[in-house]
Chemist: 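Got a structure here, written out as structure tokens. Questions coming.
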Amino acid sequence: MSDFSQNSSSNPSPTPLSSTTGGVRVRFAPSPTGYLHVGGARTALFNWLYARHVGGTLILRIEDTDFERSTSEMVDGILQGLSWLGITWDEGPFYQSQRMDLYARAAEKLVANGHAYYCFCTKEQMDDYRAKASNEGRTPMYPETCRKIDPAEAARRKQAGEPAAVRFKVPEHGSTVFDDAVFGKVEFQNEEIEDFVLLRSDGVPTYHLSVVADDIDMRMTHILRGADHLSNTPKQKMLYEALGVPCPIFAHVPLILGPDKTRLSKRHGATSVMAYRDEGIVPEAFRNFLALLGWTPKDSSKEVLGDRELIELFSLDGIAHSNAVFDRAKLDWFNTEYIRAYPSEKLLPLVEEEWKKAGLVPGTADAAQLVATIELVKSRARSLKDFAGSFRAFFSDTYENDPAAVEKFLKDPAVREMLVELASRYETTAEFTEQSTEQVLRDFASEKGVKAGALINGSRVALTGQAVAPSLFAVMVNLGRERTVARLKRAKEL
RNA sequence: GGCGCUAUCGUCUAGGGGUUAGGACGUGAGAUUCUCAAUCUUAAAACCCGGGUUCGAUUCCCGGUAGCGCUACCA
């Protein structure tokens with residue numbers, strides 16, 4: 001059983017807007033049965049972009065009527081994920097678990113107006129029925145046994161304490177049509193829809209009832225959600241009609257698939273948004289990437305778009321009709337773009353997080369120096385992790401030497417000897433600038449009759465432990481004379 | 001199984017009755033260099049299949065196929 005007591009102090013019903021404002025109201029309504037996953041994050045993002053684009057209101061609603069599986073940890077996780085993505089909402093979070101009377105009232109109203117009825121069939125009976133039906137190759141549909149019970153009789157039995165669910169009385173004939181903002185006209189035959197449960201026998205509403213009751217109560221104008229709800233929509237439209245309330249506009253967003261084109265799941269790697277933070281993805285990159293999964297701006301030539309641009313460009317008619325595959329390589333590309341474009345001062349706190357996680361204590365506490373170093377290396381970063389990984393030698397004196405790099409550029413003992421000798425020269429040069437260090441090295445190389453490149457590459461490994469790094473002389477200056485000399489002298493031992 | 005949705009390079013997509021079918025990521029080659037990244041140049045790479053409609057379909061219509069979704073007293 002979940003416990004949302006930290007929120008129970010206030011369980012406000014949304015205050016009605018003054019009748020003069022008729023703005024767009026959208027919501028993100030996750031179920032806290034898991035962390036914020038990629039698909040949910042994109043739904044949230046689209047709602048946010050749409051709300052901000054039209055100057056509307058975004059409501060956050062936690063759909064925690066599945067008491068078995070909902071937990072407050074998951075709520076926290078979802079909130080954390082949204083905040084990491086920079087998605088802010090205007091009202092809520094509202095918790096369905098705290099609004100149970102609203103749903104009960106809605107169910108009562110539907111029974112009273114003849115659109116719903118009490119069902120005394122037990123879950124076990126239903127399971128048996130379903131099993132039998134599918135064994136016989138029939139589509140399992142509720143046989144409507146209780147629909148035939150006289151309402152007065154049903155009310156009596158209910159009154160007498162007999163457990164009863166409330167089922168919706170689906171019209172026998174005709175069809176239910178709605179105009180989806182993404183897919184256009186969608187039609188379902190009513191015969192294919194069974195009398196679905198609105199209120200379980202324990203009084204807890206099912207999804208269909210709680211969403212509709214809440215969407216009405218919260219006066220939603222648009223329902224932007226995953227296309228997995230497309231087939232649920234006729235049921236909900238019936239509910240709006242039975243409740244005598246106009247339907248909001250539905251906009252269903254195609255799903256996100258894994259590389260094998262099956263629904264994205266743990267099998268495909270990280271599905272939790274926070275896992276991407278942990279992998280060193282910056283939120284702006286993730287947001288940009290997500291926005292372009294299933295949506296394209298009118299001018300599709302520009303892909304690196306900040307939040308202001310995304311908000312400005314976002315529109316429902318740019319939403320794709322078909323599912324999209326999550327392309328990790330493209331995410332990584334966005335990430336490199338954003339890391340490179342990030343001001344280094346802004347990168348510092350993010351990088352410090354990575355150091356903390358890696359147990360790295362920077363060799364200097366001088367923030368300006370750290371920022372300068374970040375500036376030097378960031379264009380080579382693929383993820384924030386690199387700052388504690390392959391760039392470690394720039395920030396700490398304890399780092400590993402990549403054996404492959406040593407093998408590639410330092411396997412010649414003569415080179416290693418020369419680096420030690422070169423170190424002594426650097427000890428005594430008057431200046432220690434990019435120009436002077438380069439001059440010294442090149443003079444030294446021609447003196448020794450070796451290619452400068454050989455010494456440069458060898459020095460790079462000696463200085464950084466890596467075969468990959470920025471321009472060597474910039475590295476030397478960044479490291480400073482002392483470290484440069486010390487590390488070059490150690491080249492012999494590598 | 002029934003119902004619904006969808007179908008353009010490997011991926012994200014633009015486009016649309018007559019186009020050299022465009023861009024981006026990724027991949028290959030080259031240039032540059034001090035390694036790598038970047039950058040520049042460049043290459044390969046797509047309209048699911050079959051019928052219609054039409055002078056002409058990748059585009060419109062129908063069917064098939066495939067993928068996904070829904071088909072719960074989950075959401």
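Proteins get letters first, then strands, A, B, ... in listed order; numbering begins at 1 in each.
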Chemist: Assign A/D228 to base, sugar-phosphate, or nothing according to its heavy-atom contacts below 4.0 angstrom with the strands shown.
Modeler: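 Touches sugar-phosphate only.
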Chemist: Counting side-chain heavy atoms from C-beta on, which of B/rA37, B/rG26, B/rC12 comes nearest to A/A324?
Modeler: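 Looking only at side-chain atoms, A/A324 lies closest to B/rC12.
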Chemist: Could you give the CG-to-P distance, from A/D327 to B/rC25, as a whole number of Å?
Modeler: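 Nearest whole value for this atom pair: 11 Å.
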Chemist: Whole angstrom is fine here: how far is it from CZ in A/R167 over to P in B/rA72?
Modeler: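 So the two atoms are 10 Å apart, to the nearest Å.
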Chemist: In whole angstroms, how far is the P atom of B/rA24 from the CZ atom of A/R328?
Modeler: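 Computing the A/R328:CZ to B/rA24:P distance gives 22 Å.
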Chemist: Check every strand shown and say whether A/E438 touches a base, only sugar-phosphate, or nothing at a heavy-atom separation below 4.0 Å.
Modeler: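 No contact at all - A/E438 keeps every heavy atom at 4.0 Å or more from the nucleic acid.
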Chemist: Please determine, for B/rA14, whether a Watson-Crick or G-U wobble partner exists with both distances under 3.5 Å, and give it or none.
Modeler: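 Base-paired to nothing in any strand shown.
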Chemist: Looking at B/rG23, does its base get a donor-acceptor pair with the side chain of A/E303 below 3.5 Å?
Modeler: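 Such a pair exists between side chain and base.
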Chemist: Determine whether the side chains of A/N478 and A/T373 contain a donor N or O and an acceptor N or O closer than 3.5 Å.
Modeler: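 Result is yes, a qualifying pair exists.
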Chemist: Is A/K261 near enough to B/rU11 that one of its side-chain N or O atoms lies under 4.0 angstrom from OP1 or OP2?
Modeler: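 Result: yes.
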Chemist: Could you check whether A/P205 gets within reach of a base, just the sugar-phosphate, or nothing at all, counting any heavy atom under 4.0 Å?
Modeler: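 Touches sugar-phosphate only.
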Chemist: What is the nucleic acid contact for A/E187, judged by heavy atoms within less than 4.0 Å: base, sugar-phosphate only, or nothing?
Modeler: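 Touches sugar-phosphate only.
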Chemist: Find the partner of B/rU39: check Watson-Crick (N1-N3 plus N6-O4 or O6-N4) and G-U wobble (N1-O2, O6-N3) distances, both under 3.5 Å, and reply none if neither fits.
Modeler: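 Result: B/rA31.
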Chemist: To the nearest Å, how far apart are A/L255 CG and B/rA75 C1'?
Modeler: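 It works out to 14 Å between those atoms.
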Chemist: So, is A/T336 near the phosphate of B/rA37, with a side-chain N or O under 4.0 Å from OP1 or OP2?
Modeler: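 For A/T336, the contact criterion (side-chain N or O under 4.0 Å from OP1 or OP2 of B/rA37) is not met.
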Chemist: Looking at B/rG69, I'd like to know if its phosphate oxygens (OP1 or OP2) sit under 4.0 Å from a side-chain N or O belonging to A/R225.
Modeler: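 False: A/R225 side-chain N/O out of range (4.0 Å or more) of B/rG69 OP1/OP2.
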Chemist: With no angle test and no hydrogens, is the base of B/rA24 tied to the side chain of A/K330 by a donor-acceptor pair under 3.5 Å?
Modeler: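 Yes.
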Chemist: Does B/rC47 have a Watson-Crick or wobble mate here (both distances under 3.5 Å), and if so which one?
Modeler: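 Partner of B/rC47: none.
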Chemist: Is there a donor and acceptor pair closer than 3.5 Å between the side chain of A/R263 and the base of B/rC68?
Modeler: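 There is none.
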Chemist: So, applying ring-ring contact (aromatic ring centres under 6.0 Å, His included) with A/Y276, which one of A/Y35, A/F334, A/F326 is it?
Modeler: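 Single pass found, and it is A/F326.
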Chemist: Is the phosphate of B/rG2, meaning OP1 or OP2, less than 4.0 Å from a side-chain N or O of A/R138?
Modeler: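 No, because none of the side-chain N or O atoms of A/R138 sits under 4.0 Å from OP1 or OP2 of B/rG2.
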Chemist: Tell me which nucleotide, if any, is Watson-Crick or G-U wobble paired with B/rC5 when both distances must be under 3.5 Å.
Modeler: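 Its partner is B/rG67.
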Chemist: With no hydrogens and no angle check, do the side chains of A/H268 and A/D260 hold a donor and an acceptor under 3.5 Å apart?
Modeler: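 A pair is found: one side chain offers a donor N or O, the other an acceptor, under 3.5 Å apart.
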Chemist: When you measure from the centre of the six-membered ring of A/F178, is the NZ or CZ of A/K237 under 6.0 Å away and within 45° of the axis?
Modeler: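 No, a cation-pi geometry is absent between A/K237 and A/F178.
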Chemist: Assess the side chains of A/Y207 and A/N232: does a donor N or O sit below 3.5 Å from an acceptor N or O?
Modeler: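 Distance-only check fails for A/Y207 and A/N232.
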Chemist: Establish, from distance only, whether the side-chain atoms of A/Y342 and A/E284 form a donor-acceptor pair under 3.5 Å.
Modeler: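 On atom types as modelled, these side chains qualify, holding a pair under 3.5 Å.
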Chemist: Side chain of A/N457 only, please: which of B/rA37, B/rC25, B/rU35 is the nearest?
Modeler: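 Ranking B/rA37, B/rC25, B/rU35 by closest atom to the A/N457 side chain puts B/rU35 first.
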Chemist: Distance check needed: B/rU11 C1' versus A/F289 CZ, whole Å only.
Modeler: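 The distance from CZ of A/F289 to C1' of B/rU11 comes to 9 Å, rounded to the nearest Å.
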Chemist: On the nucleotide B/rG69, are OP1 or OP2 found under 4.0 Å from the side-chain N or O atoms that A/S231 carries?
Modeler: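 Checking B/rG69 against A/S231, no side-chain N or O comes under 4.0 Å of OP1 or OP2.
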Chemist: Which part of the nucleic acid does A/G294 contact within heavy-atom distance under 4.0 Å: base, sugar-phosphate only, or nothing?
Modeler: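 The residue A/G294 makes sugar-phosphate contact but no base contact.
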Chemist: Looking across every strand, which nucleic acid part, if any, lies under 4.0 Å from A/T122 by heavy atom: base, sugar-phosphate, or nothing?
Modeler: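 Base contact.
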Chemist: Select one nucleotide: of B/rC12, B/rA75, B/rU35, the one nearest the side-chain heavy atoms of A/D66.
Modeler: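 Taking heavy atoms from C-beta onward, the closest nucleotide is B/rA75.
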Chemist: Mind checking who B/rU20 pairs with, Watson-Crick or G-U wobble, both distances under 3.5 Å?
Modeler: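 WC or wobble partner does not exist here.
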